[in-house]
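Heads up: the structure comes next, in structure tokens.
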Amino acid sequence: MMKLSNEGLKNTQEWVSAGFNIPTYDRHAMVEKTIAEPTWVHFGAGNLFKAFPATVAEKLLNEGKMEKGVIAVEGFDPFMIEVNKEHDNLAVLATLKHDGNVDKTVVGSIAETVMLDPKDQDAWKRMASIFTAPSLQMASFTITEKGYAITDAAGNLLPLVEKDFENGPQNPESYLGKVASLLYERYKNGQLPIAMVSMDNCSHNGQKLQDAIVAYAKGWVKNGKSDEGFVEYLENPAKVSFPWSMIDKITPRPDASVEAMLEEAGLEDVKPVKTPRGSFVAPFVNAEETEYLVIEDAFPNGKVPLDLGGIIYTDRDTVNNVEKMKVTTCLNPLHTAMSIYGCLLDYDKISEEMKDEDIVDLIRIIGYDEGLPVVVNPGILDPKQFIDTVIGVRLPNPFMPDAPQRIATDTSQKLSVRFGETIKSYLNDENLSTNDLKLIPVVFAGWIRYLMGIDDQGEGFEISADPLLEEVRPVVANIKLGDIVTEETLRPILSNQKIFGVDLYEAGMADEVVKIFNELIEKPGAVRKTLHKKVTEAKEAKK
């Protein structure tokens, strides 16, 4: 059996014979150089980080294009630090390919892991030394979108944030308060330049990070807890930049089948452990093969050469266009369409849906025929090729245990961006008509049908969480299969610009949605019948 550790990796032939790609560089030397003169620190050392940015660094280290790795920071769970250190900060990436093959890579680019905790004097002293190092070029983040929130839904400061505003940069308790405190140390040590790079999957992520960090600085200045120059430092892009980025890679929770495969290959101690905080930690991560990371090229202290490993550095407008391409046309709308009809037709895996000709036709026509005519081509990624990869490689991947029920979460918050932007583009183009949108109305009608919580067999199912359920479900509460509803019945939903981004009556689409909805509720089996009919009509209209 092979143990994932520096000592275990000394038996090189055993690992290679078992099909693992292992570090070929001098890892000991890399660790020493990285700790002595750090260039890159990353907050949020979870699966996405290990499977993507850290693996790109691994590739560049093996190719001799980088000499230093990355320092990983954990902000919540000390147990994760213990697991990392137990394996000498090594991890195994299982890349799950759509053709059924698996690439196994030992990722050794993480030189050190540190806890983000001012109460741990040694850890906090180490974090301060990292942030006052003139060599530090980039601090990156994968802390999820909610990690950037400093207020609640009502706009009130979160309690820990408010406490940090009052107390200043000494002993902060909130996550970004700790980050802002470290930046204050960098400011006091000569206003050293740095790029703060959010790699989280959310719109305008760099702006979210900047707004939050600057809010701390202004709060501290207002309360007399920091120099006024700290705000100027953070708002000077020649000193501190907050590049925008777009990231796209699916990294599910460590999967039992991957665990079994690694054990069969001879790797020991791979079982995921549930930490006291409820997180699942394993020495391995599993991920799809496709990946995209586009970062705004704004690095005041020089940049880590991740572009040599396939990550794209470009301008902000291009990052924004890539994000729009993905979110409004080439991926997210297809996901949402599949989630709605997948739930109604009782699928529990996206990959299984990709064997359903009607569903595949649905997303193909929405993507290629209805979305592509209005997508802004970002230039660095071709929209058609992006959809080709989504439909041909990513969604059919049998290893990806993603479920339509998960993707259906918060659908009311997604429709306005994923479909509403396309509708607006049609309305604003005199050469296009919303009458040409044959299947987007099918998605809208399907979502209203989904709100009934009844599948195509007439059986009840659990609706995924959504903040507008209490507002929209009463509209369909008294509708039964076999009923015929009028526009007035569905008007509270169809006219809601908050949901669709447009008033469907004003967009000329409400009548069609009501008509399709009535077909969907005709009787058990009507969802399948209507979906097949509508995609067939749409295909015929193309001829």
Side-chain angles (χ1 to χ4, degrees), residues 35 38 40-45 71-81 112-144 146-152 155-198 206 208-236 239-242 277 300-301:
I35 291 174
W40 176 17
V41 60
H42 184 89
F43 294 87
I71 296 170
V73 180
E74 169 56 36
F76 296 109
D77 201 334
F79 193 81
M80 293 183 73
I81 299 284
E112 178 184 17
T113 52
V114 187
M115 191 69 198
L116 185 66
D117 184 7
K119 295 182 176 64
D120 183 333
Q121 292 186 1
D122 290 339
W124 193 244
K125 183 179 179 181
R126 175 58 185 151
M127 288 303 306
S129 71
I130 293 167
F131 263 78
T132 55
S135 58
L136 187 63
Q137 297 174 325
M138 175 171 73
S140 55
F141 298 79
T142 49
I143 58 175
T144 74
K146 65 183 179 182
Y148 303 100
I150 62 173
T151 60
D152 59 22
N156 301 311
L157 287 175
L158 297 172
L160 284 183
V161 175
E162 186 173 20
K163 186 176 179 182
D164 283 353
F165 277 23
E166 293 170 356
N167 294 340
Q170 302 302 317
N171 299 312
E173 295 187 38
S174 64
Y175 195 111
L176 288 185
K178 298 169 187 176
V179 175
S181 177
L182 292 168
L183 277 171
Y184 191 52
E185 291 298 314
R186 192 164 182 82
Y187 161 76
K188 290 191 298 183
N189 279 267
Q191 300 190 33
L192 298 168
I194 188 173
M196 306 292 289
V197 184
S198 170
K208 287 180 168 63
L209 177 58
Q210 181 176 18
D211 289 347
I213 296 295
V214 170
Y216 280 92
K218 289 182 175 178
W220 291 341
V221 169
K222 179 181 178 181
N223 293 318
K225 299 296 184 179
S226 72
D227 299 347
E228 291 186 10
F230 184 40
V231 175
E232 296 175 8
Y233 168 69
L234 294 174
E235 293 183 334
N236 181 356
K239 292 290 187 181
V240 184
S241 67
F242 294 87
R277 286 183 57 89
N301 199 32

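Count residues from 1 along the sequence.
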[X] and [Y]: which non-hydrogen atoms are nearest, and at how many Å?
{"X": "Lys239", "Y": "Pro300", "answer": "O-CG, 3.5 Å"}
{"X": "Leu192", "Y": "Asn189", "answer": "CG-O, 3.4 Å"}
{"X": "Leu136", "Y": "Arg186", "answer": "O-NH2, 3.0 Å"}
{"X": "Asp164", "Y": "Gly177", "answer": "OD2-CA, 3.9 Å"}
{"X": "Gly44", "Y": "Tyr175", "answer": "N-OH, 3.7 Å"}
{"X": "Ser181", "Y": "Pro172", "answer": "CB-CG, 3.8 Å"}

ask   = Side chains of Val214 and Glu235: closer than 4.5 Å at any heavy-atom pair?
value =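 Touching, per the 4.5 Å side-chain cut-off.
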field: Side-chain heavy atoms of Arg126 within contact of Ile35, under 4.5 Å
entry: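 Sidechains of Ile35 and Arg126: in contact.
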Working to the nearest 0.5 Å, report the span between [atom1] of [X] and [atom2] of [Y].
{"X": "Leu209", "Y": "Met196", "atom1": "CG", "atom2": "CE", "answer": "5.5 Å"}
{"X": "Lys208", "Y": "Ile213", "atom1": "NZ", "atom2": "CD1", "answer": "14.5 Å"}
{"X": "Leu183", "Y": "Lys178", "atom1": "CG", "atom2": "NZ", "answer": "15.0 Å"}
{"X": "Phe43", "Y": "Ile71", "atom1": "CZ", "atom2": "CD1", "answer": "10.0 Å"}
{"X": "Asn301", "Y": "Ile194", "atom1": "CG", "atom2": "CD1", "answer": "8.0 Å"}
{"X": "Asn236", "Y": "Gln191", "atom1": "CG", "atom2": "CD", "answer": "8.5 Å"}

Q | side chain to side chain contact (heavy atoms under 4.5 Å, CB included) between Thr151 and Leu157, intermediate numbers included | A | CA-CA 4 Å; Thr151 60; Leu157 287 175; 4.1 Å; yes
request  = Please assess Trp124 against Asp120 for the test side chain to side chain contact (heavy atoms under 4.5 Å, CB included), listing each intermediate value before the final yes or no.
outcome  = CA-CA 6 Å; Trp124 193 244; Asp120 183 333; 5.9 Å; no
inquiry  = According to side chain to side chain donor-acceptor pair (under 3.5 Å), does anything in residues 216-233 pair up with another residue at least two apart or in another chain? List the pairs.
reply    =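 For residues 216-233, and leaving out neighbouring residues, the side chain to side chain donor-acceptor pair (under 3.5 Å) pairs sorted by first residue read Ser174-Tyr216.
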For Phe242, the ring-ring contact (aromatic ring centres under 6.0 Å, His included) test, sequence neighbours excluded, returns none
Checking the side chain of [X] only, and the main-chain atoms of [Y] only, is there a donor and an acceptor separated by less than 3.5 Å?
{"X": "Gln121", "Y": "Ala123", "result": "no"}
{"X": "Ser135", "Y": "Pro38", "result": "yes"}
{"X": "Lys163", "Y": "Glu173", "result": "no"}

For Leu176 and Ile143, run side chain to side chain contact (heavy atoms under 4.5 Å, CB included): C-alpha distance rounded to whole Å, both residues' side-chain angles, the deciding distance at 0.1 Å, then the answer.
-> CA-CA 10 Å; Leu176 288 185; Ile143 58 175; 4.2 Å; yes
Once the angle between the rings of Tyr184 and Tyr187 is folded into 0 to 90°, is it parallel (under 30°), tilted (30 to 60°) or perpendicular (over 60°)?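 Tyr184 vs Tyr187 ring planes: parallel.
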Salt bridge Glu185-Lys188, side-chain N to carboxylate O under 4.0 Å: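 Yes, Glu185 and Lys188 are salt-bridged.
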